[in-house]
Amino acid sequence: MRIREIMQSDPSDQAITAQGWVKTKRDSKNVCFLEVSDGSSMKGLQIIIDKSSDISEESLALAATGAAVSCEGILVDSPAKGQKVEMQATALTIVGTVPAEDYPLQKKRHSFEFLREIAHLRPRTNTFGAVARVRNAMSTAIHGFFQERGFLYVHTPIITGSDTEGAGQMFQVTTLDLDNIPKTEEGKTDYSGDFFGKQTHMTVSGQLQVENYCCALGDVYTFGPTFRAENSNTTRHLAEFWMIEPEMAFCELEGNMELAEDFIKYILNYVLEHCSEDMDFFNQWVLKGVKDTLQSVVDTPFKHMTYTDAVAELEKVNDKFDFKVSWGCDLQTEHERYLTEELCQGPVIVTDYPKEIKAFYMKMNEDGKTVRAMDVLVPRLGEIIGGSQREEDFDKLKARIDEMGMDESEYWWYLDLRRFGTVPHSGFGLGFERLIQYVTGLGNIRDVIPFPRTVKTIDF
RNA sequence: UCCCCUGUAGCUCAGUCGGUAGAGCAGGUGGCUGUUAACCACCCUGUCGGCAGUUCGAGUCUGUCCGGGGGAGCCA
């Protein structure tokens, strides 16, 4: 039985077994207290070992912080504060010992920086156990949200043959011998002998591919790993991260915004309901008030404004900003946070951005200057979702590709969607780890993924 | 990639004006009638990130390299 289950059980005369790792031991003359955790819950099970029992001094001595133990006993009402039930032990087996002086995890708070250096052990700590459980719950909630609404989960490829998906630097994938790179007559790398016969990369987005399934099956979504080779060292960037990208057919920007709002609220509400113990922990130790923030997002209708209106509001208070705002400029984090935190005091969706600062595939408005883009901004983080209605007109999309100097032949299949039964469709993208950061309050994205991959860091 | 901060015991950190290092926790030993990051006493713990320089003397000042953190850009 898992410890979470044991701790929710009623006392009984029946002997049960608890297995896990010793979190802490409190020893006194006649009795010893072990707190044992198996990761199924924040708090561990308190195990009482009477010194007059058959349990030997030797095994008790080995039950140090970090040791793996299997403990048999009966569950009784706890006479002390702190837990409902506890285990009165009748037998203690040391499954795996730990050399006490070497074990890096102590009965105290460690810095996140230190724990990153021992990423193989950090899931045993309160914080990282809680992050793992919340991450799991959020994954479940994501699938639950889309499946309840009839969306199909589509697995888009990890390896891609197009070298410009329009979103940052890509990792190259090759089986060529890098110590002896074949060259063409012009002196460039000859990819004809490479595995795929051409230059290939890791995907930076599944959107272009998922649009194809959208234009056949209707409402679809992807949820999978994504790779960016940007040389960026920040608390919000990973080289390998997970992304959620829904796409809806026969759907314009309005339906897209509705889905985004419902999605955020569904996920936050799910975590508040299903991970209350972990959320209490984050609320107390990581970011005070995070629970109230999430609850208020769930309870508040999102506000809406166009980019043009947003810029007009920002220009009124331009002296507040390091970067001055004017129509046509990209909104900086400081601007986004002013809009959501001060002007709207809650989530806001900004729409209809200038075409110059958005991707080629976004649908052009009547004015010929702006596109049907939407960014969902939330307090504390700024942009959490970016999406758009897609350009479904063949000529307009082709013109845009040419205008931006992109290679049309790379997108022949994407353009075909607009030739064969084109349809208005819309979708958005959302970085999973950033959503976890938002939910848990953790400041560094490296602490919400089990094994972070960042520039110059690929340990574990 | 740029800017700022930082590196001292296993961990978290203090170290004044340049004079060869200290606290809490962890660990060890003993004690304690039920503890909750248990408590009390005693004991142990150092290539002060590396290299070079200034100086009679460098943890402390200078240069440089390496590691870590934060911010910016870019983005999710």
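Chain A is the first sequence line, chain B the second, and so forth, proteins listed ahead of strands; every chain is numbered from 1. Computed from a prediction, not measured in an experiment: that's the story for all the values here.
- Nearest nucleotide to the side chain of A:E86, out of B:rU35, B:rG69, B:rC11: B:rU35.
- The residue A:E113 sits close only to the backbone: its heavy atoms come under 4.0 Å of sugar-phosphate atoms, none of a base.
- The side chain of A:N444 approaches B:rG70 more closely than any other nucleotide in the set B:rU1, B:rC11, B:rG70.
- Side-chain atoms of A:H237 lie closest to B:rC74 of the nucleotides B:rG10, B:rU35, B:rC74.
- Across the P atoms, B:rA26 and B:rC40 are found 10 Å apart, a figure rounded to whole Å.
- Checking B:rC75, B:rG69, B:rU12 against the side-chain heavy atoms of A:S111 singles out B:rU12 as nearest.
- Of all nucleotides present, none satisfies the Watson-Crick or G-U wobble test against B:rC75 with each distance under 3.5 Å.
- Rounded to whole Å, the separation between the C1' atoms of B:rC39 and B:rG24 comes to 15 Å.
- Closest approach to the A:F323 side chain among B:rU36, B:rC11, B:rA72 is made by B:rA72 (side chain taken as heavy atoms from C-beta onward).
- A:E254 and A:R372 are joined by a salt bridge, as a carboxylate oxygen and a charged side-chain nitrogen come within less than 4.0 angstrom of each other.
- Side-chain proximity of A:T457 to the nucleotides B:rU33, B:rG68, B:rG34 is greatest for B:rG68.
- Pairing for B:rA21 is absent, judged as Watson-Crick or G-U wobble with the two contacts each under 3.5 Å.
- Distances shorter than 4.0 Å separate none of the side-chain N or O atoms of A:R26 from OP1 or OP2 on B:rU33.
- Exactly one of A:K291, A:R133, A:M138 qualifies for a side-chain contact (heavy atoms from CB on, under 4.5 Å) with A:V271. That residue is A:M138.
- A 3.5 Å limit on both hydrogen-bonding distances identifies B:rC40 as the Watson-Crick or G-U partner of B:rG30.
- Between B:rC11, B:rG69, B:rA72, one nucleotide has an atom nearer to the side chain of A:R236 than all others, and that is B:rA72.
- Pairing for B:rU45 is absent, judged as Watson-Crick or G-U wobble with the two contacts each under 3.5 Å.
- In the set B:rG69, B:rG34, B:rU36, the nucleotide with an atom closest to the side chain of A:A80 is B:rU36.
- Under 4.0 angstrom from either OP1 or OP2 of B:rG71 there lies at least one side-chain N or O belonging to A:T235.
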